[in-house]
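Below: one structure, written as structure tokens.
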Amino acid sequence: MSNQKEPQATILVIDDDEAIRRQLFWTLGDDYHVLEAASRAEAIETLDHHSIDLVLSDLHLPPHLEDLSEGLAIIEAARRSPLSVPVIVITGSNAKHAAREAVKRGAYGFFEKPFDAEEVMHLVRQAVRLRRLEQEIVHLRDALGGSRGVCHLIGASTSLERTIKQARAVASTTATVLLIGENGTGKEVLARAIHEESPRAGGAFVAVSCAALPEALIESELFGHEKGAFTDAAQARKGRFELADGGTLFLDEISELTPPIQVKLLRVLQERSFERLGGVKTLSVDIRLIAASNRDLEKMIEAGTFRRDLFYRLNVVPLVLPPLRDRQEDIPVLAAHFALKFAAKHSRPKPELDLHLVEALQDYEWPGNVRELENLIERIVVLTDGPKLGLEFLPEKMQRVLPDTNKLDETTLEGAVISLRRRLIVDALRAEGNNRAAAAKRLGISRSYLHRLINEFGI
């Protein structure tokens with residue numbers, strides 16, 4: 001067992017009474033790193049800018065000292081953190097009902113003023129231990145590839161970050177979401193991530209590909225059927241809407257629904273009720289609907305193949321998943337992630353990606369998006385003998401010939417253009433002291449593109 005000491009936990013103490021804050025500081029300061037705040041605004045700022053392990057907060061804070069609103073808002077803010085921060089509330093001896101209300105809202109526990117130092121330390125140790133266990137679970141889950149939520153979405157490009165930020169915001173609500181993106185961009189991954197970060201995470205996530213359902217059976221598959229509803233209906237059967245009750249229903253390729261099913265879906269979205277095929281009893285469901293399409297639904301509306309009113313019901317919160325060709329800077333990290341994943345799956349040595357392979361991957365347009373990249377990396381991992389993943393097993397369409405800058409004929413247009421580009425890059429690097437980020441900015445290109453050009457021209 002390692003003797004390495006755990007890092008000191010950080011505790012945020014929130015109380016408008018400085019004397020109480022000082023008392024708690026002296027009680028906890030020997031064992032914990034203690035930060036202080038006198039109001040909700042100060043507390044929220046501290047939560048946003050520091051890694052807090054535990055919050056101790058009074059419930060009655062300015063400017064609304066007469067009620068619990070400020071204290072309850074702090075509990076909500078702490079629970080919204082990526083890994084929920086436990087809160088212990090501080091209350092007066094005549095306000096136990098308020099403390100119990102806070103516990104109902106998610107507080108870990110409470111203690112009364114004037115407080116007993118030993119009682120406070122015991123409660124704090126328990127809460128910090130719980131926090132450590134939760135952090136360990138997250139680390140283990142990530143190490144085993146079981147990460148949840150938007151952690152499944154790998155990349156840091158501006159376009160993806162914008163979508164992730166919007167997905168996090170909508171996850172805590174019940175709003176209907178419409179995911180828009182080409183095939184292979186990860187629409188189901190995002191839908192599952194929204195479900196896993198929502199209050200419905202404990203319920204079912206039911207995914208349906210509308211294009212994969214036979215037209216004759218689609219109504220039965222979605223809404224269920226009663227016994228005898230059609231020739232082969234030997235017994236009653238629940239549909240996907242019922243199976244998703246209390247959870248999330250993901251309808252992929254929503255554009256493929258027939259007009260009659262579009263009408264029935266519209267009614268479900270309006271009333272949250274429906275009848276099974278062949279049934280007369282109206283069933284109600286509590287679902288969160290996420291739909292997805294790889295086609296332009298507004299163009300389909302103009303063509304008369306998709307209902308305008310249904311589109312408006314689905315398009316409450318539209319989220320766009322960018323194609324991989326617009327996420328060039330994410331390709332290296334995605335490739336590395338898939339290489340590690342498939343090396344473990346196929347018992348291969350820990351992989352290393354050759355620089356020329358990464359460049360070739362970034363040069364390609366990826367019509368099949370992330371799914372195509374994932375499949376290609378698995379093929380390369382399986383076929384490569386050894387840890388170094390290179391160009392050997394790239395498909396011919398992705399092979400490229402690097403220009404030999406020592407044999408350029410500057411009398412040709414191509415040679416002159418390459419020579420000029422090379423000189424511009426060299427001049428920019430010299431002007432910026434070999435700072436590639438600054439040189440890329442000077443040239444008006446991305447840093448990853450500059451990196452490729454440096455290698456391509458042998459600079």
Side-chain angles (χ1 to χ4, degrees), residues 148-149 167 170-180 187-293 295 297 300-301 305-319:
R148 298 173 67 82
V170 76
S172 62
T173 73
T174 59
T176 300
V177 179
L178 178 61
L179 306 182
I180 304 157
K187 295 188 289 295
E188 183 170 343
V189 173
L190 180 55
R192 191 177 292 276
I194 292 171
H195 169 74
E196 289 178 350
E197 294 207 1
S198 77
R200 296 173 175 268
F205 176 82
V206 179
V208 183
S209 173
C210 299
L213 296 176
E215 186 174 342
L217 297 177
I218 191 166
E219 184 175 1
S220 170
E221 285 291 328
L222 292 179
F223 304 109
H225 62 256
E226 297 293 353
K227 181 178 179 180
F230 49 88
T231 304
D232 295 325
Q235 58 186 18
R237 184 171 179 268
K238 290 182 178 180
R240 306 299 176 91
F241 275 87
E242 284 182 80
L243 294 174
D245 193 20
T248 301
L249 178 64
F250 174 55
L251 295 182
D252 197 7
E253 298 185 85
I254 194 81
S255 57
E256 304 307 309
L257 290 180
T258 60
I261 300 300
Q262 290 182 34
V263 173
K264 194 159 185 177
L265 176 58
L266 178 63
R267 182 198 163 193
V268 176
L269 291 176
Q270 290 170 334
E271 303 174 11
R272 301 290 167 174
S273 62
F274 60 93
E275 291 82 33
R276 289 179 183 170
L277 184 63
V280 293
K281 182 181 177 182
T282 299
L283 304 173
S284 297
V285 288
D286 171 26
I287 62 162
R288 201 286 178 65
L289 182 69
I290 302 177
S293 178
R295 298 174 63 185
L297 295 180
M300 292 182 66
I301 291 169
T305 56
F306 200 84
R307 293 184 63 96
R308 187 181 299 273
D309 46 6
L310 176 57
F311 172 74
Y312 291 136
R313 283 283 179 179
L314 296 172
N315 198 43
V316 177
V317 181
L319 297 180

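Keep in mind the model is a prediction, meaning the values are calculated, not measured.
Distance alone, capped at 3.5 Å, is enough to place a donor-acceptor pair between the Arg200 side chain and the Gly247 backbone. A donor-acceptor contact shorter than 3.5 Å links the side chain of Lys264 to the backbone of Glu275. Asp252 contributes no side-chain N or O that, together with a main-chain N or O of Val208, makes up a donor-acceptor pair within less than 3.5 Å. No donor-acceptor distance shorter than 3.5 angstrom exists from the side chain of Glu219 to the backbone of Ile261, with no hydrogens or angles considered. Remark: side-chain polar atoms of Arg240 are not paired, donor with acceptor, to backbone N or O of Phe223 under 3.5 angstrom. No donor-acceptor distance shorter than 3.5 angstrom exists from the side chain of Arg267 to the backbone of Phe274, with no hydrogens or angles considered.
Nearest heavy-atom pair across Ala171 and Ile194 is CB-O, 3.7 Å. The two residues Arg237 and Ser220 come nearest to each other via the heavy atoms NH1-O, 4.3 Å. Pro318 and Val316 make their closest contact through CD-O, 3.7 Å (heavy atoms, listed as atom of the first residue, atom of the second, distance).
Arg313 is not listed as a side-chain neighbour of Thr176, based on a closest heavy-atom distance of 4.5 Å or more. Arg307 places none of its side-chain heavy atoms less than 4.5 Å from the side chain of Leu265. Proximity of Leu257 to Leu222: side-chain heavy atoms (C-beta onward) are separated by under 4.5 Å at one or more points.
Shown here is Gln235, whose CD atom has no more than 12 heavy atoms of other residues, nucleotides or ligands within 6.0 Å.
One finds the CE atom of Met300 at 6.5 Å from the CD atom of Glu256 (value rounded to the nearest 0.5 Å). The CG atom of Asp286 sits 8.5 Å away from atom OG1 of Thr174, with the distance rounded to the nearest 0.5 Å.
Between Phe205 and Phe250, the two ring planes are parallel [angle under 30°; tilted spans 30° to 60°].
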